[in-house]
Number of protein chains: 2
Amino acid sequence: MTDYAVTAEGRDAAWATSLRTAGRRVTRQRLAVLAAVERSPHTTTDDVAAAVRTQLTDISVQSVYVVLADLTSIGLLRRIEPPNSPARYETRVNDNHHHAVCTGCGRIEDVDCAVGHAPCLTPSWAAGTQPMSIVIADVVYQGLCADCRENSNTSLTQEIHK
Amino acid sequence: MTDYAVTAEGRDAAWATSLRTAGRRVTRQRLAVLAAVERSPHTTTDDVAAAVRTQLTDISVQSVYVVLADLTSIGLLRRIEPPNSPARYETRVNDNHHHAVCTGCGRIEDVDCAVGHAPCLTPSWAAGTQPMSIVIADVVYQGLCADCRENSNTSLTQEIHK
DNA sequence: CACCTATTGTGAGTAATTCATAATAAGAAA
DNA sequence: TTTCTTATTATGAATTACTCACAATAGGTG
């Protein structure tokens, strides 16, 4: 709860507390996955597995899938699904930020909510539809980053990132 | 261009014109796919294939994939990728509308842009990041529709739709 | 009508993810 | 500290969503 998680040990302790609060056991795998996602945000499952294997050499990709899904379900991770990309994860949760994806190179950057909290959660409904009670508003911006814009100017037209 | 597409023949003629304008041949498969998506918006590839097969009994799912991708690339269809769901398609293009997904039943509804056109395309960038030139802003709202809200009140806690 | 080539059909292949079940280990209890 | 219970992880197979290569077909131009 308090923000004493400046050292690696402090982060681990904070995560352990969060895990126990959510009724989860504290395992090396979970802590390693959390640390890997914290180190490099917007990483894919494969990237996380590779990073975790530097510490826990035998962890399987399937276990990473299970851990990522579980940590997401208890709110310690946030899962994003960019277009034309496998799912990605980040430790920055509960702050209503969004993402920009470069259609040239696939780079993903965080974007704060452009219009504040409220408008994002109050869509205008078409006539005749039953309003839903909105919990999340995910905004995915797509465009060209500075590097790719420069490259496309000098050479060819932009390609869709795969 | 003009909006004379009120009858099935009129729609077909309008689509044929759009296809030719995009340098594409007019085929029964393409028209059938467009008609299927028009009839039921937000359908998956499998649903489209099933609908098309009522007319063109021998069309393969792979061909539907190819046709959907191609029609999307020339702007006749819009592809959306809701969380925890295969890609879906709709004929409503070029109007900057967004989508709301019910986490209970998976239902998808159209939502007009809450804050007008401009703010959606002007995210606020974090300090130190190179701004991208934004082309698209896709907003996906998640929440509970009226039906699911009622069910979750009377019985159990909400489940994630799969 | 014939030809050229875009489009479709067919089958195999791949990436991302899930499932079933056995082995392991976290944490409570003794 | 040790034991016990069961959540968690490991392993391997299976599934879903989608793509690719290439042969067959059919628009549409001349």
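We name chains A, B, ... by the order of the sequence lines, and we start the count at 1 in each one. Source: prediction; values computed, not measured.
- Between B/Tyr65 atom OH and C/dG13 atom P the separation is 18 Å, expressed in whole Å.
- Checking D/dG28, C/dT17, D/dT8 against the side-chain heavy atoms of B/Arg20 singles out D/dG28 as nearest.
- C/dA15 atom C1' lies 13 Å from atom CG of A/Asn84, rounded to whole Å.
- For the pair B/Leu56 CG and C/dT7 C1', the interatomic distance rounds to 13 Å; values are reported in whole Å.
- Side-chain nitrogen and oxygen atoms of B/Arg28 include none within less than 4.0 Å of the OP1 or OP2 phosphate oxygen of C/dT7.
- OP1 or OP2 of D/dC18 sits under 4.0 Å from a side-chain N or O of B/Arg79.
- To the nearest angstrom, P of C/dT18 lies 13 Å from CG of A/Asp70.
- Rounded to a whole Å, the CD atom of B/Glu81 is 13 Å from the P atom of C/dA16.
- Residue A/Ile80 is not grouped with residue A/Val111 when hydrophobic side chains (ILVMFWY) are merged at heavy-atom distances under 4.5 angstrom, including chains of intermediate members.
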Point to revise | Test side chain to side chain contact (heavy atoms under 4.5 Å, CB included) applied to A/Val140 and A/Glu81, step by step | key: CA-CA 9 Å; A/Val140 176; A/Glu81 298 182 43; over 6 Å; no

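- Among the protein residues, A/Val26 comes within range of the sugar-phosphate backbone only, with heavy atoms under 4.0 Å from sugar or phosphate atoms but none that close to a base.
- Applying the 4.0 Å criterion to OP1 and OP2 of D/dT11, one finds that A/Ser60 has every side-chain N and O outside that range.
- The side chain of B/Ala87 has D/dC18 as its nearest neighbour among D/dT11, C/dG27, D/dC18.
- OP1 and OP2 of C/dA26 both lie 4.0 Å or more from every side-chain N or O belonging to A/Gln29.
- Both A/Val67 and A/Leu19 belong to a common hydrophobic cluster when Ile, Leu, Val, Met, Phe, Trp and Tyr are linked at side-chain heavy-atom distances under 4.5 angstrom.
- Residue B/Leu19 contributes atom CG, which lies 16 Å from atom P of C/dA6 at whole-angstrom precision.
- Ranking D/dA17, D/dC20, C/dT7 by closeness to the B/Arg30 side chain, first place goes to C/dT7.
- Between B/Leu144 and B/Gly104, the shortest heavy-atom contact is CD2-N, 3.7 Å.
- Atom-to-atom, CG of A/Asp46 to C1' of C/dT14 comes out at 13 Å; the value is rounded to the nearest Å.
- The side chain of B/Arg24 contributes no N or O atom lying less than 4.0 Å from OP1 or OP2 of C/dA6.
- Spacing between atom CG of A/Leu68 and atom P of C/dT18 amounts to 10 Å, rounded to whole angstrom units.
- Across all strands shown, A/Val67 has heavy atoms under 4.0 Å from sugar-phosphate atoms exclusively, and none from any base.
- Between A/Val66 and A/Gln62, the residue anchored closer to the 5' end of DNA chain D is A/Val66, taking for each the nucleotide with the nearest heavy atom.
- Hydrophobic clustering (side-chain heavy atoms under 4.5 Å, transitive across Ile, Leu, Val, Met, Phe, Trp, Tyr) groups B/Trp15 together with B/Leu77.
- Considering only side-chain N and O atoms, B/Thr27 lies under 4.0 angstrom from the phosphate OP1 or OP2 of C/dT8.
- A salt bridge (charged side-chain N to carboxylate O under 4.0 Å, His left out) with A/Asp70 is found for one member of A/Arg25, A/Arg79, A/Arg30 and no other, namely A/Arg30.
- Of the candidates D/dA17, C/dT8, D/dG27, D/dG27 carries the atom nearest the B/Arg25 side chain, counting heavy atoms from C-beta on.
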